[in-house]
Amino acid sequence: MNIFYAVVTLAQLRLKVLDTDYTSYVLMYSCGNTGCGKSRQYAFIFTRSRNPSPYEEQLYHQIIKSKAGRSRSDFMTMDTRKSNSAETL
């Protein structure tokens, strides 16, 4: 049995900026073919605040829903706030 895992990096995605205020957040979206006959969709929320307020998180998800047609339940959440990575975006 062969198992294939596709690792996708930000550099490989065609990202579309859905919204930004140019100072505190940017919302990005990508949709594309995985090459295996399936499509993948990604939504990224980048904020300068390590802990956005519940109001801010709700606002970000409303914008993603209105501009990308996807609701919060369509995506897996990956919380990077606890990341030990030294790299900052």
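In this text, all values refer to a predicted model and were calculated from it rather than measured experimentally.
Residues Ile45 and Thr47 form a side-chain contact, since some pair of their non-hydrogen atoms from C-beta on lies under 4.5 Å apart. Two residues are said to be in side-chain contact when any heavy atoms from C-beta on lie closer than 4.5 Å; Met28 and Phe46 meet this criterion. Looking only at side-chain heavy atoms (C-beta outward), Glu57 and Pro54 stay at 4.5 Å or farther from each other.
Judged by distance alone, the side chain of Ser24 and the main-chain N or O of Arg48 form no donor-acceptor pair under 3.5 Å. Although no hydrogens or angles enter the test, the distance criterion places no donor-acceptor pair under 3.5 Å between the side chain of Gln58 and the main chain of Tyr55.
Of the N and O atoms on the side chains of Asp19 and Tyr60, not one donor lies less than 3.5 Å from an acceptor on the other residue. Between the side chains of Gln41 and Tyr29, a donor-acceptor pair is found at a separation under 3.5 Å.
Nearest heavy atom pair, residue Glu56 against residue Ser53, reads OE1-N, 2.7 Å.
Rounded to the nearest 0.5 angstrom, Phe44 CZ and Leu27 CG are separated by 12.0 Å. Atoms CG and OG, on Leu18 and Ser30 in that order, are 10.5 Å from each other to the nearest 0.5 Å.
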